[in-house]
Each structure stands twice: as structure tokens, then as C-alpha cells.
Protein chains: 2
Amino acid sequence: MNTKPEDNFPFICGLDAALRVIGGKWKPLVLYFLRKGPMRYGELQRSVRGVSDKVLIQQLKELEAHGIVLRTDHREIPPRVDYTLTPLGCSLADALTSLCGWGEKHSATIAAALAGREKEGVG
Amino acid sequence: MNTKPEDNFPFICGLDAALRVIGGKWKPLVLYFLRKGPMRYGELQRSVRGVSDKVLIQQLKELEAHGIVLRTDHREIPPRVDYTLTPLGCSLADALTSLCGWGEKHSATIAAALAGREKEGVG
DNA sequence: CCGAATCCGTGTCGATACTG
DNA sequence: CAGTATCGACACGGATTCGG
């Protein structure tokens with residue numbers, strides 16, 4: 001078994017390592033919304049529009065197992081579960097902000113490209 | 001209706017928009033390696049270890065259709081194809097650097113978490 | 001919040017056109 | 001036969017939909 005950090009680096013690069021954590025289809029969005037503060041499960045599902053409850057829970061569990069989010073079950077009726085970013089998850093969400101800014105800045109271009117790239121002179 | 005940004009924003013947020021472009025499993029890695037300069041297809045496939053030729057070509061085509069990379073077929077024998085980042089792709093690759101840095105910084109923690117999180121005192 | 005059926009993205013293998 | 005870039009059929013795993 002490998003115990004040394006050098007041996008525990010089966011990644012191509014830092015980006016590859018990060019992708020192992022946010023590799024899920026919706027994980028980056030979860031990080032993004034959780035960045036503003038703790039959220040209940042339902043709140044999260046409504047925010048990340050398009051995700052199914054099954055997958056959201058699944059990816060939430062993975063993020064929890066990877067030490068990115070913290071799940072708090074208040075054991076109440078009706079069920080009340082909060083999800084919060086750990087310090088590690090917070091730093092990860094912070095690393096996503098530049099990507100978020102890029103998406104905002106080029107949203108029109110991206111939308112045009114996704115639509116079929118018929119014309120790019122939208123500005 | 002001249003395609004105002006508000007109309008061309010079918011995204012939840014900027015991060016959502018960015019994910020439409022780098023949504024593929026290997027696209028971020030492609031951006032990362034292409035960031036250093038033009039690369040031939042074979043070079044790219046050897047760099048992004050783990051990706052199959054079929055999927056790499058597929059995602060390369062999508063990136064090209066989205067205006068992120070530029071495909072240059074030299075029409076030579078043997079086949080010679082170069083892939084380069086467009087200015088847009090270059091800015092996208094730049095937005096990924098913070099994520100890359102995060103992965104490098106926490107690579108040991110990530111590796112431990114992926115291994116099952118048995119212990120985190122690897123340092 | 002979990003399970004079964006289904007669809008889509010991805011991985012594996014094989015095939016193609018042409019040169020050395 | 002070996003190498004380069006690309007595509008096709010098939011199978012697996014992840015993601016969505018529906019049902020409990």
C-alpha cells in the first residue's frame with residue numbers, strides 16, 4: 001500500500017485531481033449554490049434546476065465522503081437536512097469563481113454556440 | 001428582439017454556462033494541455049492519459065463547434081492534425097488555472113479522500 | 001429519500017486510407 | 001506489418017424518469 005504523498009499522486013496534474021472531486025455533472029453547481037451559505041436539500045434541488053433528486057442525493061453523498069460538504073440531519077419531522085461547505089469545499093467553491101465569471105462574461109457567445117453557431121455577431 | 005444578453009441567458013448562472021462548454025469528461029484536461037500551445041492529435045491523446053481515441057475526437061469536435069479550439073488539418077500523409085486554442089478557448093483555459101492550483105494544493109487530501117478516507121494524516 | 005427501468009455519455013474493439 | 005487521424009458497432013456506467 002502506498003502511504004507517501006508522492007505515491008498518492010495518481011493524477012496527471014492539479015486539474016485532474018480537482019476533476020476527481022467535481023467530476024459529477026452537477027457537483028460544480030452544488031458548490032456554487034452552497035457557497036452562499038447552508039441550504040436545505042429541497043432548496044438545493046430547486047436551485048440546481050434540471051437535476052433529479054436521486055442524482056442530487058448521490059452526488060451530495062460523494063461530496064460528503066470527499067470532505068467537501070457537511071450533511072446535518074436535524075432528525076426532525078418533517079425531515080430537515082442542511083448541507084454546508086467544509087473549509088476545503090469552501091476553497092474549492094472559491095476556485096470555481098473564475099470559471100463562473102468566464103461563463104457570465106461569455107454567456108451570449110456560449111448560448112449562440114450551443115444554438116448551432118449560426119452567427120456570432122451578437123454584440 | 002436583437003438577441004439581448006437577457007434573452008440569451010438560458011443558464012442558471014455563469015458557472016452553468018461554462019459547464020455547457022466543459023461538460024465533457026475530458027474537456028478540461030484538453031484545455032489544460034492545449035494551453036501550452038498547439039498540439040497534434042496523437043500528442044494530445046498521450047497527454048490526456050485514460051481517454052479513448054473515439055471520445056477524444058468526439059469532445060474535440062464539440063469544442064471546435066463551440067468555438068473553443070481550432071482544428072487544422074494539414075492534409076498530409078501520414079495524417080497530420082493540429083489543435084489550437086481560440087482566444088475564447090484561451091480565456092477559458094485561463095479560468096481553469098485556479099481550479100488547477102486548488103487541485104495541486106490539496107492533491108494529497110483528495111487522494112486520501114478518494115482512497116476511502118481511512119486516514120488524512122499523510123503529511 | 002430509495003429502487004427499477006430506461007436513455008445518454010463513455011470505454012473497448014475493430015475498420016479505414018495512405019505511407020515507409 | 002507499423003504508424004497517424006477518424007469513425008462504427010457493441011457494452012458498461014452514469015443520469016433521468018417514474019414509482020414507492
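Just so you know, these numbers come straight off a predicted model, no measurement behind them. Letters go in sequence order (proteins before strands), and every chain restarts at 1.
- At a threshold of 4.0 angstrom between heavy atoms, the contacts of Gln58(A) are confined to the sugar-phosphate backbone, with no base atom among them.
- As rounded to whole Å, 16 Å separates atom C1' of dT6(D) from atom NE2 of His74(B).
- Rounded to whole angstrom, the span from the CG atom of Asp53(A) across to the P atom of dC1(C) amounts to 9 Å.
- In this structure, Asp82(B) atom CG and dT4(D) atom P are separated by 14 Å, rounded to whole Å.
- Atom-to-atom, NZ of Lys54(A) to C1' of dT6(C) comes out at 13 Å; the value is rounded to the nearest Å.
- Residue contacts shown for Arg71(A) are limited to sugar-phosphate atoms, with no base heavy atom under 4.0 Å away.
- With rounding to whole Å, Arg20(B) atom CZ is found 16 Å from dG9(C) atom C1'.
- Look at CD on Gln59(B): it is 14 Å from P on dT6(D), rounded to the nearest Å.
- Considering only the side chain of Ile77(B), dT19(C) comes nearest among dT6(D), dT19(C), dT4(D).
- By the 4.5 Å heavy-atom criterion applied to side chains, Val81(A) and His74(A) are not counted as neighbours.
- At dA5(D), none of the side-chain N or O atoms of Arg80(B) fall inside 4.0 Å of OP1 or OP2 (strictly under the cut-off).
- Distance from the side chain of Tyr41(B) is smallest to dA5(D) among dT19(C), dA5(D), dC7(D).
- Between Gly42(B) and Glu62(A), it is Gly42(B) whose nearest contact on DNA chain D lies nearer the 5' terminus.
- In this structure a side-chain-to-backbone donor-acceptor pair under 3.5 Å is present from Gln59(B) to Lys27(B).
- Between the Thr86(A) side chain and the Gly67(A) main chain, a donor and an acceptor come within less than 3.5 Å of each other.
- Across all strands, Val55(A) comes closer than 4.0 Å to base atoms (heavy-atom distances).
- A distance-only check finds no donor-acceptor pair linking the side chain of Thr84(B) to the backbone of Pro38(B) [under 3.5 Å].
- Within the 4.0 Å cut-off from OP1 or OP2 of dT16(D), at least one side-chain nitrogen or oxygen of Trp26(A) is found.
- Side-chain atoms of Tyr41(A) come within 3.5 Å of backbone atoms of Asp53(A) as a donor-acceptor pair (strictly under, hydrogens ignored).
- Atom NZ of Lys61(B) is separated from atom P of dC7(D) by 3 Å (rounded to the nearest Å).
- In this structure, Lys25(B) atom NZ and dG13(D) atom P are separated by 11 Å, rounded to whole Å.
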